[in-house]
There are 2 protein chains.
Amino acid sequence: MSTLQTLSRGLQVLEIVSRSSTGLSIAEIAQVLGVHRAIAYRLASTLEEHLLVVRDDEGRIGIGGGVVALSERYQPQLRAAAQPVLRSLAEASGGTAFLCIAQGDECVAIEVAEPETPFLKVSYRVGSRHPVSRGAAGLAIAMQRAPRRTDTEYLQAARRDGFALTHGQLQQGAIGVAAPLARTGRTGLSAEACIGVVALHALDTEQAASAVLQHRDRLLAALS
Amino acid sequence: MSTLQTLSRGLQVLEIVSRSSTGLSIAEIAQVLGVHRAIAYRLASTLEEHLLVVRDDEGRIGIGGGVVALSERYQPQLRAAAQPVLRSLAEASGGTAFLCIAQGDECVAIEVAEPETPFLKVSYRVGSRHPVSRGAAGLAIAMQRAPRRTDTEYLQAARRDGFALTHGQLQQGAIGVAAPLARTGRTGLSAEACIGVVALHALDTEQAASAVLQHRDRLLAALS
DNA sequence: TTGGTGAGTTACAAATATAGAACATAATGT
DNA sequence: ACATTATGTTCTATATTTGTAACTCACCAA
């Protein structure tokens, strides 16, 4: 599986630039990549042409509006349907509600809703990524897959209960509850997904679990 | 200003793939780009490595979760602050509320809110892009810039009134009202931006204008 | 003025990438 | 079974791209 140096570097630039809030100069980009300035110019110009980065008046490179257009095309129906459901779930449970999608062996948060009265903020944001083997969201994805001998007892418990419950697997003191969005029928789900909530300590797990399941069903209904 | 073929093609693949809801095969990508299959493989592999595309079990290439993470890093504070304001503006005016950012001579919608009871849906979505010379959002951006001799009477009217009002410049029968988010002081605004509403016909322009201005001030207050 | 620094561009040998073909392997249809 | 088609990989010449150095231009300080 061969890959392309030029493209890979360009995407690296995009990644680096996106992580900087103030923007980077060409010289800084060149340094981070370990390439000559002339190359950084060509990379940046090409990205700019595609509207993925912008140069400000001082010449600093920042992330561009093009990325918003791209991301809007990622699972738009699912995300639109999920947004109100997640808001309601966040209110009902008092935790941070999320929608996750599996991506091979990783799990990505693609929509998040905070409750109106945030307690202690959990750092679970859109774009967060973790292995399917960890965290409530990961388990909720894994439980939809064929059982294996290597399955943990957490995972077996999730299959039995119909939802995943974890403590502190992704963040110290965080409690997570998640339920899979089964892709049966014509829900238009092209990938494995789940919804759930996370909170720091103060979460009534029983109530949260029932809220998650109820909102999961509401979301599935909205998609059918 | 030289650009790189490999990177440009890779970004083109990303664009093409993102526009397809079902995903594309390698052969299709190769055909659209007019390149050999072997090249499409390397492009797709590289994009996949960076999580920007995914291959499903049938080998079709779809847009990946990585784009969500990228876009989340685009103006996060501004967008977070704007979201509730836009929802409120949509309700108050009955139209589709938006937040736009200037990108050179173009204007990109980066956050949109529909009213709860959508009338006739205006096709103004996140990622929509149009020249600053057209549409209410464009005028609201342009009115912040230095006056020129080529300015239209619409633009001069906008400067006089403090907000932009247009009829059918972007879509047949659409009415738009927008006001600039001045970047004075420490609002953290790194770019020219504006907020506003669009609707099809049924918009009380006077009431909409006052709602837009009021919500603009609310957003500026939230940012300071 | 002079000298220094950084940004942006250009020129060219050396390292990558491309286009095209060739080849194997599945999957599909007859 | 056989041909047909699509996928994935490998192999070469050409064509891009890279790394390097050199050059211009603007800006700042001595």
Side-chain angles (χ1 to χ4, degrees), chain A residues 1-64 103-105 190-191, chain B residues 1-64 66 103-105 146 190-191:
Chain A
M1 192 78 69
S2 63
T3 55
L4 303 174
Q5 187 183 54
T6 309
L7 176 53
S8 201
R9 281 182 174 165
L11 299 177
Q12 239 181 299
V13 170
L14 195 54
E15 176 70 23
I16 294 164
V17 159
S18 77
R19 289 189 184 282
S20 139
S21 50
T22 55
L24 296 172
S25 69
I26 292 284
E28 289 168 327
I29 292 174
Q31 199 191 359
V32 175
L33 261 67
V35 301
H36 194 267
R37 283 184 304 129
I39 298 164
Y41 275 108
R42 300 190 274 244
L43 291 169
S45 302
T46 310
L47 288 170
E48 189 181 14
E49 205 172 51
H50 289 258
L51 307 167
L52 297 174
V53 303
V54 201
R55 302 203 70 167
D56 64 20
D57 357 296
E58 289 134 35
R60 302 188 76 79
I61 315 277
I63 183 89
Q103 203 114 116
D105 283 330
S190 57
Chain B
M1 188 82 70
S2 64
T3 55
L4 303 175
Q5 186 183 57
T6 309
L7 177 52
S8 201
R9 280 180 174 166
L11 300 176
Q12 239 181 298
V13 170
L14 195 54
E15 176 71 22
I16 294 163
V17 160
S18 77
R19 288 188 183 282
S20 138
S21 50
T22 55
L24 295 172
S25 68
I26 292 284
E28 288 168 326
I29 292 174
Q31 198 190 1
V32 175
L33 260 66
V35 301
H36 196 267
R37 281 183 304 125
I39 297 163
Y41 275 108
R42 300 191 276 250
L43 291 169
S45 302
T46 310
L47 288 170
E48 190 181 13
E49 205 172 51
H50 288 257
L51 306 168
L52 297 175
V53 303
V54 201
R55 303 203 68 167
D56 63 20
D57 356 297
E58 289 134 33
R60 300 187 78 78
I61 314 277
I63 182 89
Q103 204 114 117
D105 283 330
S190 56

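Any value given below was found using the heavy atoms of this structure, including those in side chains, with hydrogens, waters and symmetry copies removed. Proteins get letters first, then strands, A, B, ... in listed order; numbering begins at 1 in each. Given the structure is predicted, the values throughout are model-derived calculations rather than measurements.
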So if I take residues 45-54 of chain A and measure heavy-atom distances to DNA chain C, which residues fall below 4.0 Å?
none

Please work out if Arg55(A) contacts a base, only the sugar-phosphate, or nothing of the nucleic acid, heavy-atom cut-off 4.0 Å.
sugar-phosphate

Pairwise side-chain contact, Arg60(B) with Glu28(B), heavy-atom cut-off 4.5 Å (strictly under):
yes

Of Thr46(B), Ile39(B), Leu43(B), which is the lone residue that meets side chain to side chain contact (heavy atoms under 4.5 Å, CB included) with Val13(B)?
Leu43(B)

I want to check something: taking the side chain as every heavy atom from C-beta on, are Thr6(B) and Leu4(B) in contact at a cut-off of under 4.5 Å?
no

4.5 Å side-chain heavy-atom contact, Val53(A) and Ile63(A)
no

Does a side-chain heavy-atom distance below 4.5 Å link His50(B) with Leu14(B)?
no

Do Ser8(A) and Thr3(A) come within less than 4.5 Å of each other through their side chains, counting heavy atoms only?
no

I'd like a table of atom pairs between the protein and nucleotides 23-27 of chain D - only N or O on both sides, under 3.5 Å - with the distance next to each one.
none

Need the bend value for the helix from dT1(C)-dA30(D) to dT30(C)-dA1(D): angle between end axes, 5 pairs each end, nearest 10°.
30°

To the nearest angstrom, the NE2-C1' distance between His36(B) and dA15(D) comes to 16 Å

Where is the tightest heavy-atom contact between Arg37(A) and Ile26(A), given as atom of each residue plus distance?
O-CG2, 3.9 Å

Can you measure Glu28(B) atom CD to dG8(D) atom P for me and round it to whole angstrom units?
12 Å

First and last nucleotide of DNA chain C touching chain A, 5' to 3', heavy-atom cut-off 4.0 Å?
dA7(C) to dT18(C)

Considering non-hydrogen atoms only, spot the tightest contact between Leu47(B) and Gly10(B) and give its length.
CD1-O, 3.6 Å

How many angstroms lie between CD in Gln5(A) and CZ in Arg42(B), if you round to the nearest 0.5 Å?
13.5 Å

CG of Asp56(B): more than 12 outside heavy atoms within 6.0 angstrom?
yes

Heavy atoms of Val54(B) and Gly64(B) approach each other most closely as CG2-CA, 3.4 Å

Determine the contact category for Ser25(B): base if any of its heavy atoms lies under 4.0 Å from a base atom, sugar-phosphate if only primed atoms, P, OP1 or OP2 are that close, otherwise nothing.
sugar-phosphate

Which residues satisfy the salt bridge (Lys or Arg N to Asp or Glu O under 4.0 Å) test with Glu48(A), sequence neighbours excluded?
none

Kindly indicate whether the side chain of Ile61(A), heavy atoms from C-beta on, has any atom under 4.5 Å from the side chain of Ile29(A).
yes

Of all heavy-atom pairs between Val35(B) and Ala40(B), which one has the smallest distance, and what is that distance?
CG2-N, 4.4 Å

Minimum-distance pair of heavy atoms, taken over all atoms of Leu11(A) and Leu52(B):
CD2-CD1, 3.6 Å

Which atom pairs link the protein and nucleotides 16-18 of chain D when you take only N or O atoms and keep those under 3.5 Å?
| from | atom 1 | to | atom 2 | distance (Å) |
| --- | --- | --- | --- | --- |
| dT17(D) | OP1 | Gln5(B) | N | 2.3 |
| dT17(D) | OP1 | Thr6(B) | N | 3.2 |
| dT17(D) | O3' | Thr6(A) | OG1 | 3.1 |
| dT18(D) | OP1 | Thr6(A) | OG1 | 3.2 |

